[in-house]
Amino acid sequence: MITYAREDGLTAADYIACVGATSLGQGRPLANTDRIQAMLDNADLVVTARDADGSLLGLFRAVTDWHWVCYCIDLAVVEGHQGKHIGQTLLDTAAALLGPKVSIVLLSKPNAEGFYRHIGMVEPMAAFMRPRTDRS
């Protein structure tokens, strides 16, 4: 059995273990525990998927205004648990918490685009980013 829930106290250690076991981990500062904890502390919404033993199988981390849009920063499912609808259920749980008037947007890693198309997400025409200057 998998439990999906909003989790306000997710630790950097749990985040690092989960995201580090995915391709998403390559783009996150996993060696900087303080920065990871600050990222979690400043997120508006974190939804987790945990198994019966409490092990973290996946997570959804986002910032939102709670009235119009929610930007999903991380959607990660541990390798070996992918393909079991965990990612889609994390998105569905977040959508239920946000309510029907809030859209969820995200930027996909190139190898994950098929997943988002498969679950019915639509692609906007363009996305723009001002890159960070500090890569640490």
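Everything numeric here is computed off the predicted structure, so don't read it as measured data.
When all heavy atoms of Asn42 and Ala38 are compared, the pair lying nearest together is ND2-O, 2.8 Å. Residues Cys18 and Gly58 share a closest heavy-atom pair of SG-CA, 3.8 Å. Here the shortest heavy-atom pairing between Glu79 and Thr22 reads OE2-CA, 3.8 Å. Contact detail for Cys72 and Leu106: the closest heavy-atom pair is O-CB, 3.6 Å.
Contact of the Trp66 side chain with the Val102 side chain is not registered, since no non-hydrogen atoms from C-beta on lie closer than 4.5 Å. Inter-residue side-chain proximity for Ile86 and Tyr4 is flagged as met; some heavy-atom pair is nearer than 4.5 Å. Using a 4.5 Å heavy-atom cutoff, the side chains of Ile73 and Met39 are not in contact. Using a 4.5 Å heavy-atom threshold, the side chains of Phe60 and Thr93 count as separate.
Rounding to the nearest 0.5 angstrom, the gap separating the CD1 atom in Ile16 from the CD atom in Gln37 is 8.5 Å. The CG atom of Leu10 sits 10.0 Å away from the CZ atom of Arg61 when rounded to the nearest 0.5 Å. In this structure, CG on Leu75 lies 6.0 Å from CG on Leu90, to the nearest 0.5 angstrom. Atoms OG1 and CD1, from Thr11 and Ile36 in turn, are 11.0 Å apart once rounded to the nearest 0.5 Å.
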Side-chain donor-acceptor pairs of residues 44-53 under 3.5 Å, sequence neighbours excluded:
from  : atom 1 : to    : atom 2 : distance (Å)
Asp44 : OD2    : Thr64 : N      : 2.8
Thr48 : OG1    : Glu7  : OE1    : 2.6
Arg50 : NE     : Glu7  : OE1    : 3.1
Arg50 : NH1    : Gly54 : O      : 2.7
Arg50 : NH2    : Glu7  : OE2    : 2.8
Arg50 : NH2    : Asp14 : OD2    : 3.0
Asp51 : OD1    : Asp53 : N      : 3.0
Asp51 : OD1    : Gly54 : N      : 3.0
Asp51 : OD1    : Ser55 : N      : 2.9

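Between the side chain of Asp92 and the main chain of Ala96, no donor-acceptor pair closer than 3.5 Å is present.
Note on Val78 and Val19: separate hydrophobic clusters, where clusters join Ile, Leu, Val, Met, Phe, Trp and Tyr whose side-chain heavy atoms are under 4.5 Å apart, directly or indirectly. In terms of hydrophobic clustering, with Ile, Leu, Val, Met, Phe, Trp and Tyr side chains grouped at heavy-atom distances under 4.5 Å, Leu24 and Leu30 are assigned to a common cluster. Cluster annotation: Leu57 is connected to Val77 through the hydrophobic network of ILVMFWY side chains, with a link wherever side-chain heavy atoms come within less than 4.5 Å.
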